[in-house]
Amino acid sequence: MKRIWKAYFTFSKKEKSAVIFLLLLIVLFLALPFFYSNKKEKPQVNKALSDFVSKNVRHIPIPDSFTDNSESIDIPPEKKSSPSFSLFYFDPNTLTGTEWKQLGLRDKTVQTILNYRNKGGHFNTPEDIRKIWGIKKEDADRIIPFAKIQQRAYPVSPKKSYETFKRASSGKNEKFIPQIIDINLATFEDWKTLPGIGEVLANRIVKFREHLGGFMLVEQVSKTYGVSDSVFRRIMPYLKIITTSIPRININQISAYDLKIRAEIPDLVAKAIIGYRQQVGRFTKVEELKKIVFITDSIYQKLEKRITVE
């Protein structure tokens with residue numbers, strides 16, 4: 001036992017010196033905090049700034065992240081923020097600019113709405129308010145439940161002349177609502193009654209329809225030269241097409257170009273149909289189109305409703 005004790009706890013002279021030095025170093029580090037003061041000097045306060053703050057700021061809100069129990073002071077009633085809008089039932093087709101602002105819309109958005117209405121625009125449903133360029137989603141969500149649109153159909157028969165329409169729509173307190181027209185039966189005068197369509201565009205639409213031999217789809221009106229996307233969107237609610245008014249295409253007389261335009265099929269398919277007619281001869285029935293390789297089921301279903309064999 002004595003041998004084990006001596007083996008582990010007997011030090012040489014150098015080892016004893018090192019242990020003593022290490023102990024002194026530890027004691028020194030433990031004693032250092034007592035020789036240095038941890039006190040901080042108080043920052044100098046600008047008295048003028050302090051007086052100004054105490055006079056003009058009665059309450060500074062304390063963030064939730066603060067955990068102290070500082071007592072807050074209520075904001076005086078005159079300083080509390082109040083909503084800059086008021087909600088009430090309204091008709092978006094008759095509301096004035098001032099009333100739009102009372103609903104909380106920005107001046108720029110209000111001007112956009114007024115310009116839209118001045119050019120013949122009309123809100124058919126409350127959801128149409130969302131289509132106004134620049135309107136915020138939260139503003140639309142807030143005011144749409146209060147929109148009440150009063151439909152006022154103008155007592156003018158669609159068969160009456162444009163002159164009758166002009167005389168009738170001259171009333172200051174009456175708003176004209178265009179009648180729905182059939183795009184293949186509408187006259188030049190009927191087209192002029194639509195918003196954004198003047199004499200020039202009405203004339204172009206009629207000529208374009210004659211060139212096609214009649215419209216197959218309402219969307220074909222938008223392909224008239226001069227009819228922009230915005231104008232077409234405005235007149236689209238007033239356009240319709242009756243199946244009986246859709247003109248049939250005589251597959252044995254039409255050219256490849258006209259077939260492509262009128263039937264709205266790919267150029268390759270139109271050329272293949274005319275090429276088949278030139279090689280085999282006149283079509284005797286519509287079903288013969290199925291013999292052409294390029295005609296798929298979807299193209300055949302479209303052609304079947306639009307062509308005739310004479």
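The basis for the numbers below is simple: all heavy atoms, side chains too, and nothing from hydrogens, waters or symmetry mates.
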Does [X] reach the side chain of [Y], with side-chain heavy atoms less than 4.5 Å apart?
X	Y	result
I295	K290	no
D128	T125	yes
I307	L289	yes
I292	V269	no
L201	W191	no
T193	Q179	no

Verdict with supporting geometry, I129 and K131, side chain to side chain contact (heavy atoms under 4.5 Å, CB included): CA-CA 5 Å; I129 295 175; K131 300 177 182 179; over 6 Å; no
Whichever hydrophobic residues join [X] through chains of side-chain contacts under 4.5 Å:
X	result
W133	none
L24	I20
V293	none

Around atom [atom1] of [X], are there more than 12 heavy atoms from other residues, nucleotides or ligands closer than 6.0 Å?
X	atom1	result
F146	CZ	yes
F294	CZ	no
F21	CZ	no

Roughly how far, to the nearest 0.5 Å, is the [atom2] atom of [Y] from the [atom1] atom of [X]?
X	Y	atom1	atom2	result
T109	Q111	OG1	CD	10.5 Å
D182	I180	CG	CD1	11.0 Å
N118	I113	CG	CD1	11.5 Å
I183	I241	CD1	CD1	4.0 Å
I254	L259	CD1	CG	5.0 Å
N250	T308	CG	OG1	6.5 Å

With sequence neighbours left out, write down each residue that passes ring pair (Phe, Tyr, Trp, His ring centres under 6.0 Å) with [X], or none if nothing qualifies.
X	answer
F29	none
Y300	none
Y276	F283
Y238	none

[X] and [Y]: side-chain donor and acceptor closer than 3.5 Å?
X	Y	result
T284	E288	yes
N115	T112	no
S228	S230	yes

What are the two closest heavy atoms between [X] and [Y], and how far apart are they?
X	Y	result
L105	V110	CB-CG2, 3.9 Å
L239	I235	CG-O, 3.3 Å
P178	P195	CG-CD, 3.7 Å
Y89	P145	CE2-O, 4.2 Å
P92	R117	O-NH1, 2.7 Å
I143	F90	O-CE2, 3.4 Å

Listing request: all salt bridge (charged side-chain N to carboxylate O under 4.0 Å, His left out) pairs with a residue in [range], at least two apart in sequence or in separate chains.
range	value
residues 209-227	K223-E264
residues 134-145	R130-D141, K137-D141, D139-R142
residues 25-35	none

Return yes if some donor-acceptor pair links the side-chain N/O of [X] with the main-chain N/O of [Y] below 3.5 Å, else return no.
X	Y	value
D91	I149	no
R204	T224	no
R282	E310	yes
R106	I135	no
N184	F215	yes

Should [X] and [Y] be regarded as members of a common hydrophobic cluster, given that ILVMFWY residues are connected when their side-chain heavy atoms come within less than 4.5 Å of each other, either directly or indirectly?
X	Y	value
V200	V221	no
I249	L268	yes
I144	F88	yes

Electrostatic pair D107:K101 at N-O distance under 4.0 angstrom: yes
Output yes when K271 and D267 qualify as a salt bridge under the 4.0 Å nitrogen-oxygen rule, no when they do not. yes
Could you walk me through whether L114 and T96 pass side chain to side chain contact (heavy atoms under 4.5 Å, CB included), step by step? CA-CA 8 Å; L114 296 179; T96 65; over 6 Å; no
With S17 via side-chain hydrogen bond (donor to acceptor under 3.5 Å, both in side chains) - residues at least two apart: none
Could you work out, with side-chain hydrogen bond (donor to acceptor under 3.5 Å, both in side chains) as the rule, every residue matching K207, not counting sequence neighbours? none
Side chain to side chain contact (heavy atoms under 4.5 Å, CB included) assessment of N93 paired with H122: CA-CA 6 Å; N93 292 309; H122 183 79; 3.2 Å; yes
Could you walk me through whether L303 and I273 pass the side chain to side chain contact (heavy atoms under 4.5 Å, CB included) check? CA-CA 11 Å; L303 290 172; I273 293 174; 3.9 Å; yes
